[in-house]
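Data block below; observations after.
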2 protein chains.
Amino acid sequence: MSKNISPPAAPCPHHGHQACIEQALATAVELCNRGGLRLTPIRKRVLELVWQSHQPLGAYDILAQLSAEDGRPAAPPTVYRALDFLLDNGLIHRLASLNAFIGCDRPHQAHQGHFLICRLCKVARELPHDAIDEAVEQTAAELGFLVEQQVVEVSGVCAPCRGHA
Amino acid sequence: MSKNISPPAAPCPHHGHQACIEQALATAVELCNRGGLRLTPIRKRVLELVWQSHQPLGAYDILAQLSAEDGRPAAPPTVYRALDFLLDNGLIHRLASLNAFIGCDRPHQAHQGHFLICRLCKVARELPHDAIDEAVEQTAAELGFLVEQQVVEVSGVCAPCRGHA
DNA sequence: TCAAAAGTTGTTATATAATAACGTTTCGAT
DNA sequence: ATCGAAACGTTATTATATAACAACTTTTGA
């Protein structure tokens with residue numbers, strides 16, 4: 001299943017996406033500086049690649065891009081280690097249903113990742129998930145279950161792709 | 001990452017689990033008869049293996065058990081085809097966060113799978129998810145998103161494992 | 001009843017995703 | 001300057017899932 005997805009007609013139709021990337025990188029730099037974390041060139045580059053669109057990106061897609069840039073093949077641990085660092089520090093999320101990674105909107109704030117994923121344009125939108133989070137916590141509480149991690153990945157068709165502007 | 005998990009102290013402490021298995025198989029037989037579906041020996045056996053506990057089971061764990069029973073190694077497609085049939089017909093769910101499969105409580109009724117997964121005893125409990133489902137649908141509706149599939153997998157510690165009997 | 005079509009299974013090979021293990025380099029604090 | 005921890009390079013392997021095609025079985029319809 002090679003991910004030869006042609007880039008969607010408009011991966012990011014509603015804004016200049018370069019601004020997203022720059023914002024994300026600047027935030028990451030600041031966050032790492034404050035926390036005494038080392039945002040090394042590899043880690044920064046992987047974060048930038050993850051942010052190149054709002055479509056979740058597979059580890060091996062990242063690997064291929066790194067390899068192409070360097071002119072020599074990179075090895076999986078290079079990418080997975082960078083991804084682990086970014087995950088650990090809240091800079092990206094992993095989407096279990098896609099085996100893919102996506103940049104986090106608000107890395108300062110600890111939170112669970114809740115996503116709407118469009119099967120047409122492949123864009124994953126992170127939700128400020130108050131309602132869902134509450135429903136999960138409440139349902140769990142009723143059963144005496146202690147929530148540690150939430151995986152909420154909703155697939156379907158996004159408004160633009162439905163023509164609902 | 002071999003799943004050499006020793007069977008939990010009490011995989012199914014609160015009921016005679018054999019009843020679960022028999023119930024699930026009987027329901028499956030009836031549902032397939034009604035729908036003109038062929039619950040072949042392999043499919044039935046895989047369903048039974050999935051139901052052997054309330055812990056999600058990996059495809060390769062199933063494969064190993066089938067191989068052991070038959071005395072000869074079974075091949076992955078054998079298991080994946082059976083799992084696909086069972087998934088298509090609502091008899092099992094797949095847990096994306098675990099790459100594993102679990103029997104469905106109520107295969108008659110079309111529904112999304114919402115789960116609480118205990119990281120200690122590994123039991124996955126399917127939720128009758130009205131509150132969560134509503135929260136998801138409402139959040140999506142506000143954004144004009146058409147929901148097609150929900151992946152809701154909440155990990156943590158279940159009441160028995162917390163000692164909250 | 002028989003033959004075609006559809007569905008199921010066996011089998012081999014391969015694709016895709018992730019980690020193990022170990023040595024080397026770099027960074028940062030003393 | 002040196003030591004220890006962290007990061008990285010490299011090779012190999014494990015884990016999960018699918019492709020492709022042949023053989024067999026069931027169902028269907030002439």
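Chain letters run A, B, ... following the sequence lines, proteins first and then strands; every chain starts at 1. Treat the numbers as computed from the prediction; the structure is a model and nothing was measured.
Distance, N89(A) CG to dA6(D) P: 13 Å, rounded to whole Å. Rounded to whole Å, atom P of dT9(C) lies 14 Å from atom NZ of K44(B). In this entry the distance linking CG of L63(B) with P of dG10(C) reads 12 Å, nearest Å. In this structure, the CD1 atom of I42(A) is 4 Å from the P atom of dG9(D), given to the nearest Å. As a whole-Å value, the separation of R45(A) CZ from dC8(D) C1' is 18 Å. Following rounding to the nearest Å, D84(A) (CG) and dA18(C) (P) show an atom-to-atom distance of 10 Å. The distance between atom CG of L57(B) and atom P of dT16(D), rounded to the nearest whole Å, is 11 Å. In this structure, L98(A) places its CG atom 11 Å from P of dA18(C), rounding to the nearest Å.
The side chain of F101(A) sits closest to dA18(C) out of dC8(D), dA18(C), dG10(C). For A75(B), the listed nucleotide lying nearest its side chain is dT12(C); candidates were dT12(C), dC8(D), dA17(C). Listed nucleotides: dA17(D), dT8(C), dC8(D). Nearest to the side chain of R43(B): dT8(C). For P77(A), taking side-chain heavy atoms from C-beta onward, the closest of the listed nucleotides dT10(D), dA19(D), dA18(C) is dT10(D).
Counting heavy atoms from C-beta outward, Q55(A) and D61(A) have side chains that stay 4.5 Å or more apart.
Between dA5(D) and R38(A), no contact under 4.0 Å exists linking OP1 or OP2 to a side-chain N or O. Using a 4.0 Å cut-off, no side-chain N or O of Y80(A) falls inside it from OP1 or OP2 of dT19(C). Within the 4.0 Å cut-off from OP1 or OP2 of dA18(C), not a single side-chain nitrogen or oxygen of R81(A) is found. Neither OP1 nor OP2 of dT9(C) sits under 4.0 Å from any side-chain N or O of T78(B). Note on N99(A): every side-chain N or O is 4.0 Å or more away from OP1 and OP2 of dT16(D).
Salt-bridge annotation for K44(B) and E48(B): absent, with no side-chain N of the basic residue lying under 4.0 Å from a carboxylate O of the acidic one.
Closest non-hydrogen pair, R43(B) versus R38(B), comes out as NH1-O, 2.7 Å.
Judged by closest nucleotide on DNA chain C, A82(B) is the one of P76(B) and A82(B) placed further toward the 5' end.
Identified under the ring-ring contact (aromatic ring centres under 6.0 Å, His included) test for residues 86-105 of chain B, with sequence neighbours left out: H93(B)-H111(B), H93(B)-F115(B).
Applying the 3.5 Å distance criterion, the base of dA18(C) shares a donor-acceptor pair with the side chain of Y60(A).
Here the options are K122(B), R125(B), H17(B), the test is side-chain contact (heavy atoms from CB on, under 4.5 Å), and the partner is H54(B); only H17(B) passes.
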